[in-house]
> 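I have a structure I would like to understand better, so I am pasting it below and will then ask my questions one at a time.
Just so you know, these numbers use all the heavy atoms, side chains as well, and skip hydrogens, waters and symmetry mates.
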Amino acid sequence: MSETKSHTNGDNPEPAPATEDPTTASDPSTTPLSWPEDGELSREWIRHFSSVLSWCSRHLPPSQLPSVLPPVFLQRLILTASNILHREPNLVRVDPLRGDGEGASVVVVGDVHGQLHDVMFLLEDAGFPGEDRFFVFNGDYVDRGAWGLETFVLLLAWKIHLPHRVFLLRGNHESKYCTSIYGFEQEVMAKYGDQGPMVYRKCLRCFEGLPLASIIADRVYTAHGGLFRGVVAAPPKKHKGKKKSRKIVGDVSGGAMKLGSLDELARARRTVLDPPWQGANLIPGDVLWSDPSNKPGLSPNKERGIGLLWGPDMTEEFLYQYQIKLIIRSHEGPDARDKRHELGGMDKGYTIDHVVASGQLITVFSAPDYPQFQATEERYNNQGAYIVLNPPDYSTPVFHSFEAARPRPKVNPYYDFEQVIDSDEELDLKSMDNGSSHDTNASISN
């Protein structure tokens, strides 16, 4: 397994290269962005869009962002991408092999958490999406970082431009519960004022459309959290005069849990604001919130209060059953791994968590120097990483670690990072239930 490290400011103190030098870029605030006249987002348009977002992050107060990204423009971009995403299945099949036997490379990206400038560097360092380069993003585009909205809409623009080359999966932070606590909702309101509720609703609707997982070249499974439990049929209750029925429920019994199948994943209902932690639709929550463990078997993820812990034997069972070689998941940054000493640290932006007979389980985290706002004086100073999978077999991951783009523009946080609970600790499940209990169509249709 090879490793490649790209440094933006490790041995070299100079700031990371940007698509366009933000100090010399022309002032775009006098010309609000608009949809291209021909209706098509081109690579050149997206590169310009990226440079405009960078300029705004350095030169405009957040409340002035609508002067450059008008609400009407933003709504069209989000809705266009949302329509594409909602048509995709829960499990997207990424086929980078061409008819001539040649194949494109695939870049797999982990959590980015609103760190716009690091995402911009990553795209340039890896090479922009195109005919010879696919991208699969494993979710968590928003929250904690100060530019979640800009990061998300930049990636949506790439999705619109290359819908069959760029794949955006859902992370656990693409939910109503997380975004109400970890900053994204407040960020949107601060930037769009009276139009903020509309923009936020459009984003939530788009989050619901994000697929849950991918299979790359029939060799690699990717998802934000990872594996998931199967469903079991509850014993039917006998009622006089009523027809017998079999109710399918999520298996919440730790002793009886079994590994879920890809068919079950394909049938799960993903269009929920907050994936439920109890009831019949547990697969989305498992896929987004679960973590690997060194302990064999499946068990409830008590630390998070939702999802599972799965051991190396479950990794082997899944890989062997579907004849794949790699599981690539994300979800855990340096703060999470700092509490889980039985697994590797996230200082390089990736870890190899399970090595079994059929392959490997890898965690990749793409937000360097995370979190952007940290309560302790001593920072983690982690690198971020992305993974490149190359033809013909796509089974040998090439790791690229990188430092944070510096200097970051000065900005205030959008959440109380000193008081808010850690996402790795037990969730306020009652709040999640309240958020999930509302009818989705009624809550975000406008």
> Does the side-chain contact (heavy atoms from CB on, under 4.5 Å) test come out yes or no for His224 and Asp111, once each step is laid out?
CA-CA 8 Å; His224 182 72; Asp111 303 40; 3.4 Å; yes

> Under 3.5 Å, side chain of Glu187 to main-chain N/O of Gly148, donor-acceptor pair present?
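Checked: pair present.
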
> Are a donor atom and an acceptor atom from the side chains of Thr315 and Trp310 found within less than 3.5 Å of each other?
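The answer is yes; a qualifying pair exists.
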
> So that I can tick it off, tell me whether Lys176 and Asp274 are bridged by a salt bridge, with the cut-off set at under 4.0 angstrom between side-chain N and carboxylate O.
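Here Asp274 does not pair with Lys176 in a salt bridge, since their nearest N and O are not under 4.0 Å apart.
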
> Just wondering, do Leu53 and Leu116 contact through their side chains at under 4.5 Å, heavy atoms?
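Yes, at least one pair of side-chain atoms sits under 4.5 Å.
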
> Less than 4.5 Å apart, side chain to side chain, heavy atoms only: is that true for Tyr192 and Leu149?
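Yes. Closest side-chain heavy atoms under 4.5 Å.
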
> Using the ring centroid of each side chain, check whether Tyr322 and Tyr221 are separated by less than 6.0 Å.
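Ring centroids of Tyr322 and Tyr221 are no less than 6.0 Å from each other.
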
> I want to know whether Phe128 and Trp158 have ring centres closer than 6.0 Å.
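Phe128 vs Trp158: aromatic centres under 6.0 Å.
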
> Would Asp140 and Asp143 satisfy side-chain contact (heavy atoms from CB on, under 4.5 Å), going step by step from the backbone distance to the final call?
CA-CA 8 Å; Asp140 275 14; Asp143 279 344; over 6 Å; no

> Going by atom types alone, do Ser214 and Arg93 pair a side-chain donor with an acceptor below 3.5 Å?
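No.
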
> Give me the atom names and distance for the closest heavy-atom approach of Gly285 to Ile306.
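In this case the closest contact between Gly285 and Ile306 is CA-CD1, 4.3 Å.
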
> Centre-to-centre under 6.0 Å for Phe365 and Tyr370, is that the case here?
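Yes - the distance between ring centres of Phe365 and Tyr370 falls below the 6.0 Å cut-off.
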
> Within the side chain of Asn83, is there an N or O that forms a donor-acceptor pair under 3.5 Å with the backbone of Leu79?
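Side chain of Asn83 to backbone of Leu79, a donor-acceptor pair under 3.5 Å: yes, one is there.
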
> Would you list the pairs meeting side chain to side chain donor-acceptor pair (under 3.5 Å) in which at least one residue belongs to residues 32-44, sequence neighbours left out?
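For residues 32-44, and leaving out neighbouring residues, there are no side chain to side chain donor-acceptor pair (under 3.5 Å) pairs at all.
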
> With side chain to side chain donor-acceptor pair (under 3.5 Å) as the test, pick out the partner of Ser330 among Asn138, Thr222, Asn172.
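By the side chain to side chain donor-acceptor pair (under 3.5 Å) criterion, Ser330 pairs with just one of Asn138, Thr222, Asn172: Asn138.
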
> Less than 4.0 Å between a side-chain N and a carboxylate O, is that true for Glu332 and Arg340?
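Counted as a salt bridge, because a side-chain N and a carboxylate O are separated by less than 4.0 Å.
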
> Should Leu259 and Phe228 be marked as a side-chain contact (heavy atoms from CB on, under 4.5 Å) after you check the CA-CA gap, both sets of side-chain angles, and the distance that decides it?
CA-CA 6 Å; Leu259 197 61; Phe228 51 95; over 6 Å; no

> Output yes when a side-chain donor or acceptor of Thr179 lies under 3.5 Å from a complementary backbone atom of Phe184, and no otherwise.
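Side chain of Thr179 to backbone of Phe184: no pair is present.
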
> Strictly by modelled atom types, are Gln115 and Asp118 linked by a side-chain donor-acceptor pair under 3.5 Å?
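Looking only at side-chain atoms, Asp118 and Gln115 do form a donor-acceptor pair, the distance falling under 3.5 Å.
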
> Indicate yes or no: at least one non-hydrogen side-chain atom of Phe135 is less than 4.5 angstrom from one of Val108.
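Not touching, per the 4.5 Å side-chain cut-off.
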
> Check the pair Met120 / Ser54 against side-chain contact (heavy atoms from CB on, under 4.5 Å), numbers first and verdict last.
CA-CA 9 Å; Met120 290 172 60; Ser54 178; 3.6 Å; yes

> Under a 3.5 Å cutoff, is there a donor and acceptor pairing between the side chains of Arg270 and Asn90?
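Result is yes, a qualifying pair exists.
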
> Of the non-hydrogen atoms in Gly305 and Trp277, which two are nearest, and what is the gap between them?
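Reported closest heavy-atom pair: O-CB, 4.2 Å.
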
> Side chains of Ser261 and Asp263 only: does a donor on one sit below 3.5 Å from an acceptor on the other?
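No, because no side-chain N or O of Ser261 sits under 3.5 Å from a partner of the opposite role on Asp263.
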
> Tell me yes or no: between the side chains of Gln374 and Thr376, is some donor less than 3.5 Å from an acceptor?
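Side-chain D/A pair, Gln374 to Thr376: present.
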
> Using side-chain heavy atoms (C-beta onward) and a distance below 4.5 Å, is Ile327 in contact with Leu319?
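Ile327 reaches Leu319 side chain to side chain.
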
> Do Asp369 and Asn382 get their side chains close enough for a donor-acceptor pair, meaning under 3.5 Å?
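Per modelled atom types, Asp369 and Asn382 side chains form no pair under 3.5 Å.
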
> Considering only heavy atoms from C-beta outward, does the side chain of Pro211 approach that of Leu85 to under 4.5 Å?
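Answer yes - side chains close enough.
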
> May I ask you to check whether Arg329 and Thr363 show a side-chain donor-acceptor distance below 3.5 Å?
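Side chains of Arg329 and Thr363: pair found under 3.5 Å.
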
> Does the Glu174 side chain pair with the main chain of Tyr141, one donor and one acceptor, at a distance under 3.5 Å?
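Between the backbone of Tyr141 and the side chain of Glu174 there is a qualifying donor-acceptor contact (under 3.5 Å).
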
> Would you say Arg337's side chain and Gly344's backbone share a donor-acceptor pair under 3.5 angstrom?
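The answer is yes, because a donor-acceptor pair under 3.5 Å joins these two groups.
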
> Between the side chains of Tyr380 and Asp347, does any donor sit under 3.5 Å from an acceptor?
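There is no such pair between these side chains.
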
> If you measure from the Lys or Arg side-chain nitrogens to the Asp or Glu carboxylate oxygens, is any gap between Arg304 and Asp291 under 4.0 Å?
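Looking at Asp291 together with Arg304, the answer is yes, because their closest N to O distance falls below 4.0 Å.
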
> Aromatic contact between Phe207 and Phe152, with the criterion being ring centroids under 6.0 Å apart: yes or no?
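Phe207 vs Phe152: aromatic centres under 6.0 Å.
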
> Between Tyr182 and His173, is the ring centre distance below 6.0 Å?
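Tyr182 vs His173: aromatic centres under 6.0 Å.
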
> Asp95: which residues meet the salt bridge (charged side-chain N to carboxylate O under 4.0 Å, His left out) condition with it, sequence neighbours left out?
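Salt bridge (charged side-chain N to carboxylate O under 4.0 Å, His left out) check on Asp95 returns nothing, list empty.
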
> Can you tell if the side chain of Ile216 reaches within under 4.5 Å of the side chain of Val136, non-hydrogen atoms only?
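Counting from C-beta outward, Ile216 and Val136 do come under 4.5 Å.
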
> Within a strict 4.5 Å, meaning less than it, do heavy atoms of the Val287 and Leu227 side chains meet?
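No, too far: nothing below the 4.5 Å cut-off.
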
> Using a 3.5 Å distance criterion without hydrogens, assess whether the side chain of Ser51 forms a donor-acceptor pair with backbone atoms of His48.
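Yes.
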
> Between the main-chain N or O of Leu41 and the side-chain N or O of His161, is there a donor-acceptor pair closer than 3.5 Å?
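Side chain of His161 to backbone of Leu41: a pair is present.
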
> May I ask you to say whether Arg201 pairs ionically with Glu185, meaning some side-chain N is under 4.0 Å from a carboxylate O?
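Salt bridge flag = no for Glu185 with Arg201.
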
> Does Gln360 use its side chain to pair, donor to acceptor, with the backbone of Lys325 at less than 3.5 Å?
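Pair absent, no side-chain N/O of Gln360 close to backbone of Lys325.
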
> Regarding Glu131 and Arg165, does a basic nitrogen lie under 4.0 Å from an acidic carboxylate oxygen?
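A salt bridge links Glu131 with Arg165.
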
> Quick one: does NZ or CZ of Lys159 land under 6.0 Å from the six-membered ring centre of Phe167, within 45 degrees of the ring axis?
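Yes, Lys159 and Phe167 form such a contact.
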
> Just to verify, which of Leu169, Leu155, Val107, Leu210 counts as forming a side-chain contact (heavy atoms from CB on, under 4.5 Å) with Phe137?
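Running side-chain contact (heavy atoms from CB on, under 4.5 Å) over Leu169, Leu155, Val107, Leu210 with Phe137 returns exactly one hit, Leu155.
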
> Between the main-chain N or O of Arg269 and the side-chain N or O of Asn281, is there a donor-acceptor pair closer than 3.5 Å?
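Yes, Asn281 side chain to Arg269 backbone: donor-acceptor pair under 3.5 Å.
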
> Using modelled atom types only, decide if a donor and an acceptor are shared between the side chain of His400 and the backbone of Ile387 within a distance under 3.5 Å.
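No, His400 side chain to Ile387 backbone: no donor-acceptor pair under 3.5 Å.
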
> Are side-chain heavy atoms of His117 and Arg58 found at a separation under 4.5 Å?
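Touching, per the 4.5 Å side-chain cut-off.
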
